[in-house]
S.K.: 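Structure incoming, see below.
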2 protein chains.
Amino acid sequence: MSHAWHEEMQAEIKAGGRVSDRDIADKVRHAVLMQRLPPGTKLPEVTLGEVFGVSRSVVRKALTRLASEHVVDQRPNQVARVRAPSIEETRETFEARRLVEGEVVALLAGRLSAETLDALKVQAREESEAYRRGDEPARIEHSLNLHHLLAEQSPNRVLGGMLTDLVLRTSIVVALYKRSGLASCYQDGQHDRLLEHLADGEAEASRRAIHDHLHGLESLLDLSPREARIDLMSILGRTPEQA
Amino acid sequence: MSHAWHEEMQAEIKAGGRVSDRDIADKVRHAVLMQRLPPGTKLPEVTLGEVFGVSRSVVRKALTRLASEHVVDQRPNQVARVRAPSIEETRETFEARRLVEGEVVALLAGRLSAETLDALKVQAREESEAYRRGDEPARIEHSLNLHHLLAEQSPNRVLGGMLTDLVLRTSIVVALYKRSGLASCYQDGQHDRLLEHLADGEAEASRRAIHDHLHGLESLLDLSPREARIDLMSILGRTPEQA
DNA sequence: CGGGGTCATTTTGTATACAATAATGAGATA
DNA sequence: TATCTCATTATTGTATACAAAATGACCCCG
């Protein structure tokens with residue numbers, strides 16, 4: 001674990017009251033999303049416990065939760081690590097998300113209340129503004145909020161839950177495989193177009209918009225199998241940062 | 001928890017060696033599927049621990065795992081219970097499964113090896129035979145095996161994992177909402193038809209076959225909202241069996 | 001210089017003790 | 001008789017101790 005993140009967490013802890021396993025999971029998940037904890041990072045139970053001021057029991061539950069979300073790799077008798085999905089899994093995650101999110105927005109088209117539509121627009125605008133001023137963390141945050149809102153609003157809650165999971169997994173692999181040159185994966189206007197179709201009640205157009213959006217996002221990644229960055233890393237045992 | 005199940009488990013434990021949280025989760029999951037543990041059944045940690053001869057630590061992990069699979073309801077400071085999905089959730093689960101399993105079989109059409117195709121046919125035949133001789137538990141087992149095989153063979157492993165989850169959840173609600181008069185939810189020949197389309201490489205026909213199969217299955221359930229069996233049960237605090 | 005094995009260290013797995021919270025039931029009161 | 005209160009009990013939440021396993025370093029030997 002990185003020392004910067006370490007101290008940041010401890011500071012936050014002092015302020016608040018007790019921390020639950022959910023709190024820990026939230027913080028770790030967020031750190032992974034923000035690339036503060038790169039894939040392969042070890043997450044020893046005692047260390048995490050010290051960071052958050054709780055015992056291993058609570059940490060273990062948090063790690064188990066994160067493992068069920070595919071954020072962390074938890075194998076028997078081994079320290080948990082931030083997961084590093086393969087290139088193949090990345091493609092499959094995108095395919096799955098296209099299927100599920102496409103269906104969700106198709107179901108959602110024309111059914112959104114004015115309030116939620118406004119909330120979605122706010123996130124889209126904030127995202128675009130964050131992009132313009134070069135604030136990538138904020139940009140990611142707002143993009144995530146937008147898709148998370150869509151998942152929450154899904155008339156089909158089961159599909160909504162699956163979508164929440166897929167949005168998380170997609171974000172992780174985007175952070176992992178983003179072309180090194182690229183500063184951001186922002187695609188101008190795509191969210192706005194989706195929102196228009198949703199407001200107009202055009203189910204199939206909404207589905208297409210999401211498909212295009214996700215295909216575009218995937219195409220911004222470096223998924224060339226030759227390099228096999230991850231495999232090399234794990235094979236060579238190069239662990240980004242230890243506790 | 002029922003006493004019959006209780007003793008059965010203890011007997012099994014004596015035979016085998018140590019039990020892991022995964023073992024416990026497997027056994028409980030299976031019992032739920034087989035309706036040995038009806039929805040709402042309390043699952044106190046100490047009791048389960050005694051049954052399986054382990055301490056609460058292991059039981060807790062097993063319960064957490066089952067909760068992430070939506071088999072069990074685990075709320076803070078309350079005893080875990082076998083989940084009782086609502087009628088609404090039942091419909092949504094079926095809808096989600098149609099989407100996902102439809103896509104999986106479409107991807108799978110024409111890509112199955114002769115061996116797996118044979119394995120699938122074996123399960124279909126065994127299911128039909130179990131139905132004919134009135135062995136409902138065996139019938140369910142083979143039907144589950146068939147769909148589980150499909151999920152495992154999915155070229156897209158992410159979709160495959162989601163399908164595994166949905167097959168489980170569907171089975172639970174089928175057990176819950178099966179029309180009381182019906183002895184079985186077997187639909188003659190539907191699995192065979194699907195297998196034919198898969199062998200012939202007809203993706204869209206396979207998708208339709210699954211859709212029909214699942215619509216048919218759903219129509220065999222008693223999903224009339226007036227009765228609201230579950231809600232009544234939970235409101236009246238009627239707990240099927242205590243520990 | 002490299003391979004392999006042994007031992008100390010680290011880390012997880014499990015059980016248990018105690019604290020905190022929720023469920024239960026008895027008894028008093030209207 | 002119904003209901004409210006409060007003590008009792010049952011159950012989960014958390015921390016800790018010890019066992020088991022993996023890790024890593026070191027040394028020996030080829």
Side-chain angles (χ1 to χ4, degrees), chain A residues 1 6 13 16-28 37 40-68 71-83 233-243, chain B residues 1 6 13 16-28 37 40-68 71-83 233-243:
Chain A
M1 292 185 293
H6 196 287
I13 297 320
R18 276 154 209 72
V19 283
S20 70
D21 60 285
R22 193 182 294 264
D23 297 327
I24 298 178
D26 287 346
K27 294 250 187 283
V28 173
L37 293 174
T41 306
K42 288 190 192 177
L43 301 171
E45 296 175 358
V46 286
T47 314
L48 276 179
E50 287 165 7
V51 170
F52 288 101
V54 295
S55 80
R56 284 177 53 212
S57 324
V58 188
V59 174
R60 274 171 85 75
K61 198 161 184 178
L63 286 175
T64 301
R65 182 188 295 275
L66 289 168
S68 80
V71 175
V72 145
D73 215 6
Q74 206 182 19
R75 296 183 198 162
N77 293 317
Q78 272 174 250
V79 337
R81 287 164 175 274
V82 178
R83 235 171 82 87
M233 189 167 69
S234 66
I235 288 169
L236 297 178
R238 176 83 175 73
T239 70
E241 297 200 37
Q242 255 260 27
Chain B
M1 292 185 293
H6 195 287
I13 296 319
R18 277 153 209 72
V19 282
S20 70
D21 60 285
R22 194 181 295 264
D23 297 326
I24 298 178
D26 288 345
K27 294 250 184 284
V28 173
L37 293 174
T41 307
K42 288 189 190 179
L43 301 171
E45 298 175 357
V46 286
T47 313
L48 276 179
E50 287 165 8
V51 170
F52 289 101
V54 295
S55 80
R56 284 176 52 210
S57 324
V58 188
V59 173
R60 274 171 86 74
K61 199 161 183 177
L63 286 175
T64 302
R65 183 189 294 274
L66 289 169
S68 81
V71 175
V72 145
D73 214 6
Q74 205 183 20
R75 296 185 196 158
N77 292 318
Q78 273 175 247
V79 339
R81 287 164 175 274
V82 177
R83 236 171 81 87
M233 189 168 68
S234 66
I235 287 170
L236 298 179
R238 177 82 175 72
T239 69
E241 296 201 37
Q242 255 258 27

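We name chains A, B, ... by the order of the sequence lines, and we start the count at 1 in each one.
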S.K.: Kindly write out the residues that satisfy salt bridge (charged side-chain N to carboxylate O under 4.0 Å, His left out) with B/D23, not counting sequence neighbours, or none if the list is empty.
M.R.: none

S.K.: Taking only nitrogen or oxygen atoms into account, show me every contact under 3.5 Å that the protein makes with nucleotides 15-20 of chain D, one pair per line with its distance.
M.R.:
residue	atom	partner	partner atom	Å
D/dA15	OP2	A/S55	N	2.8
D/dA15	OP2	A/S55	OG	2.8
D/dA15	N7	A/S57	OG	2.6

S.K.: Measure from CG on A/D23 to P on D/dT14 and round the result to the nearest Å.
M.R.: 10 Å

S.K.: D/dG13 P sits how many Å from A/D21 CG, rounded?
M.R.: 9 Å

S.K.: I'd like to check the side-chain hydrogen bond (donor to acceptor under 3.5 Å, both in side chains) partners of A/S57; sequence neighbours left out, ordered by chain and number.
M.R.: A/S55

S.K.: Could I get the full list of side-chain hydrogen bond (donor to acceptor under 3.5 Å, both in side chains) partners for A/D73, not counting sequence neighbours?
M.R.: none

S.K.: Measuring from atom CZ of A/R65 to atom CD1 of A/I24, what distance do you get when rounded to the nearest 0.5 angstrom?
M.R.: 10.5 Å

S.K.: Please state how far atom CZ in A/R60 lies from atom P in C/dT11, giving the value in whole angstrom units.
M.R.: 14 Å

S.K.: Within this structure, what is the CD-to-P distance between B/E45 and D/dT14, rounded to whole angstrom?
M.R.: 11 Å

S.K.: Would you kindly compare A/P76 and B/P76 by the position of their nearest DNA chain D nucleotide and give the one closer to the 5′ end?
M.R.: B/P76

S.K.: Taking atom P of C/dT10 as reference, at what distance in whole Å does atom CD of A/Q78 sit?
M.R.: 18 Å

S.K.: Could you state the atom-to-atom distance from CZ of B/R75 to C1' of C/dA22 in whole Å?
M.R.: 13 Å

S.K.: Round to a whole Å and report the spacing from NZ of A/K42 to P of C/dT12.
M.R.: 9 Å

S.K.: B/T64: which residues meet the side-chain contact (heavy atoms from CB on, under 4.5 Å) condition with it, sequence neighbours left out?
M.R.: A/K61, A/T64, B/Q74

S.K.: In whole Å, what is the span from the CD1 atom of A/I24 to the C1' atom of D/dG13?
M.R.: 13 Å

S.K.: Please list, chain by chain and in numerical order, all residues satisfying salt bridge (charged side-chain N to carboxylate O under 4.0 Å, His left out) with B/R22, sequence neighbours excluded.
M.R.: none

